[in-house]
Amino acid sequence: MGIELFEKALPILDTIEKNDFEAYFVGGSVRDYIMDRAVHDIDITTSATPDEIEDMFDHTIPIGREHGTVNVVYQGDNYEVTTFRAESDYVDHRRPSEVYFVRDLYKDVQRRDFTINAIAMDKNYKLYDYFEGQDDINHRLIRTVGDAQERFSEDALRILRGLRFQSQLDFIIDKMTYIAMQEQIEDIEHLSIERIVVELKKLISGQNVGESYSNLLTLGLFTHVPFFKDIDMNQVKIETPIRFEMWLAIIITKCQPQTSLSKLKISNKEKSDIQLYSKIMTVLPQINNKDDLKLCVYDYGKTNIQEVLNIQSILHANSLATASPLIINEQTINEIANQLPIQTRKDMNINGGDLLNHFQKKSGPWLKELLRKVEGAVVIGKVQNTKDEILKWVDDNVKI
Ligand code: ATP
Ligand code: MG
């Protein structure tokens, strides 16, 4: 699996070598290739400096130049080419602000986090495995390169990355590595929330999340992370992979925290999705007739509702009320969605102006309420979606 991606990138290694520098594939792509997992992005490590790489290739993007990374664009694909580097002076248990370039592959892989991520591979698919990474892959073991305590104290994100790989790869954490995690866990406080969230997203949706999530709880990791530290995370049980947004929706629905999602510095879209899912989780169990369900499908959309239905067992495990499968299931939701008379408010054949005209009354909160009533009546089929019918229905049924 994935060999095609390496084949496509071989000419890059070739070019670098023709210029008398070394170049290797490295990191996650080599690990996944050895494990026969799907390879996604390919990272290349080289003895050439960014200047030297830029001289060799026509099309480059200086994406992370200060860390030694240049993107080489080759046949329409982007490859991250990073100069061999060593890191110095870790300040505050975070990534060092200073890196320096070296000409030696060994030094480069030595600064990498785990043995399974520190294997390099040349253009002939020969592996350079200085830290028994292949053995660890065979034993399904996550083990730091070098002394675990030292490596975690240099950069505490590695603790979370280790747990993330445990979840994604279904690996075991080496004993000394785990002990060092326990010792250094407080240093998580020094990390930026953005870096933490990147790893949590991968961890929570990984195949072995059950074990790695329970490690997160045992290690007390959440007590050192903004937002989560204000919540009793022991209440939230996750045993099967789940999307990040759904996980947060469960947290919000169950724990009703006083803290704000903004602390996670996630996008507005992610925030609104979380709130939407949480709303659906709350509303679905309260539905006991078809009209309510029609309104729910109209308001929240069948795909979003279906996504919440897909995790009913996780909601149940978290003692959240679940939807009645007799009334609410994939089939009923599809049927209702297909038969909705309108898709959005814009499809209504009446607007605020029409109602103002009809009632000859000044605008106010009553108008918004009335529009919502009309919308509901149209959605559940109480009234036909024509201006005349709607006005007649309003006269007969609504007190203004
Ligand atoms: P994925 O398959 O999720 O991309 P990956 O192992 O490629 O996993 P990346 O975050 O893409 O992870 O990092 C690429 C490589 O850079 C890693 O395999 C590892 O060798 C090294 N690396 C990344 N982050 C760190 C870190 N905090 N400390 C040391 N090495 C790191
Ligand atoms: Mg990667």
Side-chain angles (χ1 to χ4, degrees), residues 1-2 5-6 9 24-46 63-64 67-69 71 77-97 99 105-121 127-131 133-134 136-137 142-171 177 180-181 184 187-188 190-192 194-209 212 241 244:
M1 242 192 282
L5 287 184
F6 291 115
Y24 306 87
F25 301 118
V26 74
S29 60
V30 175
R31 176 198 68 223
D32 290 341
Y33 171 69
I34 296 171
M35 290 182 67
D36 213 10
R37 279 164 58 91
V39 171
H40 44 108
D41 39 24
I42 283 188
D43 293 323
I44 294 169
T45 185
T46 177
I63 182 124
H67 310 293
T69 304
N71 258 18
D77 290 314
N78 268 20
Y79 297 91
E80 278 195 8
V81 179
T82 306
T83 307
F84 292 163
R85 60 183 205 204
E87 293 168 347
S88 63
D89 300 337
Y90 288 83
V91 183
D92 278 352
H93 317 282
R94 277 183 277 192
R95 258 191 312 210
S97 47
V99 297
L105 172 67
Y106 181 84
K107 285 230 169 70
D108 180 84
V109 285
Q110 196 181 25
R111 57 114 189 144
R112 292 176 183 270
D113 48 7
F114 300 102
T115 59
I116 59 171
N117 291 341
I119 309 170
M121 183 167 84
L127 299 176
Y128 296 77
D129 179 9
Y130 296 106
F131 306 102
Q134 292 169 90
D136 287 346
I137 288 178
I142 291 160
R143 190 164 58 90
T144 52
V145 173
D147 180 70
Q149 189 129 9
E150 204 176 295
R151 303 313 310 284
F152 291 149
S153 91
E154 289 166 356
D155 180 2
L157 190 74
R158 291 170 187 157
I159 299 174
L160 187 49
R161 282 176 59 85
L163 297 161
R164 182 264 268 202
F165 290 118
Q166 171 181 43
S167 173
Q168 280 187 319
L169 305 174
D170 192 9
F171 274 27
T177 299
M181 286 178 170
Q184 302 293 143
D187 293 343
I188 292 281
H190 303 287
L191 303 172
S192 76
E194 289 92 337
R195 289 180 84 203
I196 295 178
V197 164
V198 167
E199 298 299 329
L200 282 178
K201 281 180 182 167
K202 295 183 179 178
L203 184 153
I204 208 71
S205 55
Q207 53 170 327
N208 188 30
V209 59
S212 102
F244 180 74

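In each ligand, atom 1 is the first atom listed, and ligand 1 is the first ligand listed. Quantities reported herein were computed from a predicted structural model and do not represent experimental measurements.
Considering backbone and side-chain atoms together, N117 places an N or O closer than 3.5 Å to an N or O of ligand 1. Between R112 and ligand 1, at least one pair of N/O atoms sits closer than 3.5 Å. Looking at G28 next to ligand 1, an N or O pair under 3.5 Å apart turns up. Residue R161 has at least one N or O atom closer than 3.5 Å to an N or O atom of ligand 1.
The shortest side-chain heavy-atom distance between Q110 and F131 falls under the 4.5 Å cut-off. Between M181 and L160 the shortest side-chain heavy-atom distance does not fall below 4.5 Å.
Close approach of ligand 1 to G27 (heavy-atom distance below 4.0 Å) involves ligand atoms 18 (O). Heavy-atom contacts of R111 reach the following atoms of ligand 1: 29 (C), 30 (N) (cutoff under 4.0 Å). Interface of K202 with ligand 1, defined as ligand atoms under 4.0 Å from a residue heavy atom, comprises 3 (O).
The closest heavy-atom contact to atom 3 (O) of ligand 1, among the options E154, R31, H40, R164, comes from R164.
Taking the six-membered ring for Trp and the full ring otherwise, Y128 and Y24 have centroids separated by under 6.0 Å.
R31 places no side-chain N or O within donor-acceptor distance of the main-chain N or O of A118, the cut-off being under 3.5 Å. Formation of a donor-acceptor pair under 3.5 Å by the S167 side chain with backbone atoms of L203 is found in this model.
R161 meets the salt bridge (Lys or Arg N to Asp or Glu O under 4.0 Å) test with D113, E199; sequence neighbours excluded. Residues passing the side chain to side chain contact (heavy atoms under 4.5 Å, CB included) test with L127 are V30, I34, I119, M121, Q134, sequence neighbours excluded.
When non-hydrogen atoms are compared, ligand 1 lies under 4.0 Å from neither the backbone nor the side chain of L157. The part of F165 lying near ligand 1 is the side chain, judged by heavy-atom distances below 4.0 Å.
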